[in-house]
> 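I have a structure here, written as structure tokens, and I will follow up with some questions on it.
Within every chain, numbering begins at 1; the chains are lettered A, B, ... in the order of the sequence lines, protein sequences first and strands thereafter.
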Protein chains: 2
Amino acid sequence: MLSNRFDPRNGAALSSENGCDGTPAPRRPTISDVARAAGVSPSTASVVFSGKAKVSDATRDRVLAAASDLGYAGPDPLAASLRTGRSGIVAVVLEGALRRTFLDPVTIATMDGLTDGLASAGADVLLLRDEPHKPGGAALTTAPIDAAVLLGCSTATRESLDIVRARRLPLVVIEGDAGDAVPQITLDNAEAAAGIARHVRELGHREVAVVTLPLDVGRRRGPVSPERLARATVAPAIQRLAGIRGVFPEARVLSAAASSIDEGVIAAGTLLDADPRPTAILAQSDMLAAGVIRAAEDRGLRVPEDLSVTGFDGVRVDGLGAHMLTTSVQPATEKGRAAGAQIAAMLAGQAGESVHFTCRFRAGSTTAPAPR
Amino acid sequence: MLSNRFDPRNGAALSSENGCDGTPAPRRPTISDVARAAGVSPSTASVVFSGKAKVSDATRDRVLAAASDLGYAGPDPLAASLRTGRSGIVAVVLEGALRRTFLDPVTIATMDGLTDGLASAGADVLLLRDEPHKPGGAALTTAPIDAAVLLGCSTATRESLDIVRARRLPLVVIEGDAGDAVPQITLDNAEAAAGIARHVRELGHREVAVVTLPLDVGRRRGPVSPERLARATVAPAIQRLAGIRGVFPEARVLSAAASSIDEGVIAAGTLLDADPRPTAILAQSDMLAAGVIRAAEDRGLRVPEDLSVTGFDGVRVDGLGAHMLTTSVQPATEKGRAAGAQIAAMLAGQAGESVHFTCRFRAGSTTAPAPR
DNA sequence: TTGTAAGCGTTATCAT
DNA sequence: ATGATAACGCTTACAA
């Protein structure tokens with residue numbers, strides 16, 4: 001028997017003969033095969049494909065023709081990656097199920113910007129869930145990635161963070177709790193939320209309620225006690241609430257289980273059926289605000305005459321109708337793009353740095369002077 | 001000068017001395033370093049990490065200790081990939097911008113199922129846009145992937161398809177136009193749509209209009225002429241329309257520019273302000289149907305008393321209110337899971353096969369006998 | 001402009 | 001249970 005060694009290309013033991021007809025097992029052509037067929041050296045052929053050096057037209061044509069002849073589809077990415085030390089892949093680590101993550105328009109916008117910013121570095125995005133203790137080992141430890149971005153992760157991600165550090169991969173954290181040395185993309189959540197609150201106070205509102213984003217991975221719906229707040233982990237939710245509390249320390253606060261219209265409806269239901277009824281409801285996202293408006297209108301309340309409603313994010317909410325939400329517009333896409341740019345810089349050998357973004361208050365048609 | 005060869009690990013020329021302090025340039029430990037430190041052979045160390053053979057406890061402990069000592073984070077995925085011929089990555093090729101793709105709840109559900117189905121094969125998902133003629137070469141040709149899934153791609157993807165074929169990668173197409181030999185995940189769009197249409201006809205409706213999904217990559221909003229339909233490329237839209245036309249050949253047909261509530265509102269606006277006003281509107285997605293309902297209610301029309309509305313998909317539409325949509329429920333998550341399972345099978349050396357799914361009609365509260 | 005040579009770090013096989 | 005060996009396919013520095 002001539003050869004029975006393992007051949008990764010075929011994923012199984014390769015014997016010198018095929019099972020039935022004596023034909024040699026089909027082996028994929030390599031760049032050396034192409035070079036040989038073209039009568040050039042492997043390095044020349046390599047350069048033809050990478051374009052990293054000048055090659056005479058005649059040579060290039062011969063190489064390309066040989067490649068086409070042999071059905072060679074270009075350099076094997078796996079081998080090229082090992083040689084260059086780069087896979088061209090950046091992991092985006094998401095907390096929780098894909099389904100939930102991508103239900104949030106802000107996340108989608110951020111992902112959009114991220115892929116965009118990464119594209120200029122020639123990198124693509126690998127979707128990874130934050131589940132380090134998965135049976136069979138975490139994908140984060142074995143995936144051929146050049147860098148990682150932690151997106152929308154609360155402290156639950158500590159473990160993922162350690163893995164990335166152990167692998168010494170460039171890392172950027174978007175609005176998460178990452179600590180010291182890691183470049184972060186941040187937002188002025190507290191200030192922006194305070195700005196909204198001030199607007200509402202200036203309109204004369206005193207009976208105000210708040211609907212927050214989920215505060216932790218538990219995502220429990222309901223009133224936010226001091227104890228609960230102390231255990232909260234989701235930075236944006238905590239910060240926005242702090243901003244509001246600076247203006248309305250006594251506001252009643254309810255947590256939603258997700259950033260969705262339906263959750264807004266549920267929370268507003270509780271708030272609007274209470275006595276005294278708030279004259280303004282500050283929601284921590286535009287999706288929640290849309291739900292609050294829906295709940296108000298279902299009860300025959302007019303927005304903004306009977307109830308003022310504010311949001312946060314400044315995203316286009318599909319199905320909000322004619323209302324123009326009073327909100328604070330965050331540069332969601334820019335956040336992602338900035339993360340991508342930092343990754344690109346770090347991959348290019350530069351130091352990554354944190355980037356801070358600010359929101360822009362936008363007065364809409366959903367707030368008005370408090371009824372008296 | 002002892003050495004000035006290229007070192008992929010550091011991404012730059014490696015000199016025998018560091019720039020300032022004479023310290024040797026820090027080199028990452030390899031599995032051989034770990035093996036040496038533990039006093040075992042590299043193959044033994046490898047087996048400790050892969051678990052693919054029995055190792056005595058004492059040996060394993062020594063290796064692990066050495067690894068921990070040296071700060072070794074595990075086998076280099078790039079090198080392991082080259083050796084095994086597997087990267088553990090499957091590309092999902094999407095048509096158009098991420099932002100648009102992920103705005104569709106059906107796509108999200110399918111992605112959810114796909115990642116799920118792939119997880120059992122130990123594979124993760126690389127997001128790739130369908131743009132083969134991008135400057136710098138298509139990512140699809142150079143990405144270290146084991147297989148590819150084409151999701152929601154019309155014929156525009158022919159080129160991507162060719163690349164995947166040239167690379168001889170396992171491929172599955174979800175509801176797309178891929179031709180013969182490629183395993184496909186399909187849906188009984190025509191039959192399911194016909195079923196909805198029959199339900200509406202049995203309720204006595206004769207004046208019926210249709211709101212379709214985008215018909216091609218142009219995604220133009222407006223009336224669907226025979227010429228336009230002839231140039232349509234989006235299979236589900238075409239098939240669903242065919243199903244409806246079998247029941248209501250004369251129905252007025254409007255195409256939406258996306259599958260969203262707002263687009264439904266726009267299309268329904270045109271239809272409801274026309275004379276004669278339809279007594280039923282068949283939307284090709286639940287999102288569109290939600291918009292149709294919204295538009296109707298905005299005009300003071302009651303659903304279903306004055307207007308019957310049907311959808312397609314059976315997804316939970318955030319903010320649909322109390323209505324229970326009459327629709328056809330498609331197994332969106334299952335479609336993705338099936339695609340993942342086929343990829344897994346092909347990666348395991350088995351033949352991939354097409355999988356056909358059927359929708360289930362669901363009568364809701366948005367259809368009623370035609371007003372007379 | 002092209003060729004030569006030396007690995008990149010790992011893991012499957014086979015022998016012990 | 002462990003070790004020696006031989007690839008995996010490519011890209012780069014350097015010489016010609």
> Treating B:Ser87 as the side-chain partner and B:Pro144 as the backbone partner, does any N or O pair qualify as donor plus acceptor under 3.5 Å?
yes
> Looking for any heavy atom pair under 4.0 Å, which part of the strands does B:Val47 touch: base, sugar-phosphate only, or nothing?
nothing
> For the pair B:Arg129 and B:Glu95, find out whether any cationic side-chain nitrogen is under 4.0 Å from an anionic carboxylate oxygen.
no
> For the base of C:dT10, is there a side-chain donor-acceptor partner from B:Ser32 under 3.5 Å away?
no
> Ignoring hydrogens and angles, tell me if any N or O in the side chain of B:Asp33 forms a donor-acceptor pair with the backbone of B:Thr30 under 3.5 Å.
yes
> Using the side-chain heavy atoms of B:Thr44, tell me which of these nucleotides is nearest: D:dT11, D:dT2, C:dT2.
D:dT2
> Select base, sugar-phosphate, or nothing to describe what B:Ser56 touches, counting heavy atoms under 4.0 Å on all strands.
sugar-phosphate
> Does A:Thr30 put a side-chain nitrogen or oxygen below 4.0 Å from OP1 or OP2 of D:dG9?
no
> Please confirm whether any donor atom in the side chain of B:Ser43 sits under 3.5 Å from an acceptor in the base of D:dA4, or the reverse.
yes
> Need one value for A:Phe49: base, sugar-phosphate or nothing, where a base atom within 4.0 Å counts as base even if backbone is also close, heavy atoms only.
nothing
> Give a yes/no on whether any side-chain N or O of B:Lys52 is located under 4.0 angstrom from OP1 or OP2 of C:dT11.
no
> D:dT11 base to A:Arg83 side chain: any donor-acceptor pair below 3.5 Å?
yes
> Which part of the nucleic acid, if any, lies within contact of A:Val40, taking any heavy atom under 4.0 Å across all strands shown: a base, the sugar-phosphate backbone alone, or nothing?
sugar-phosphate
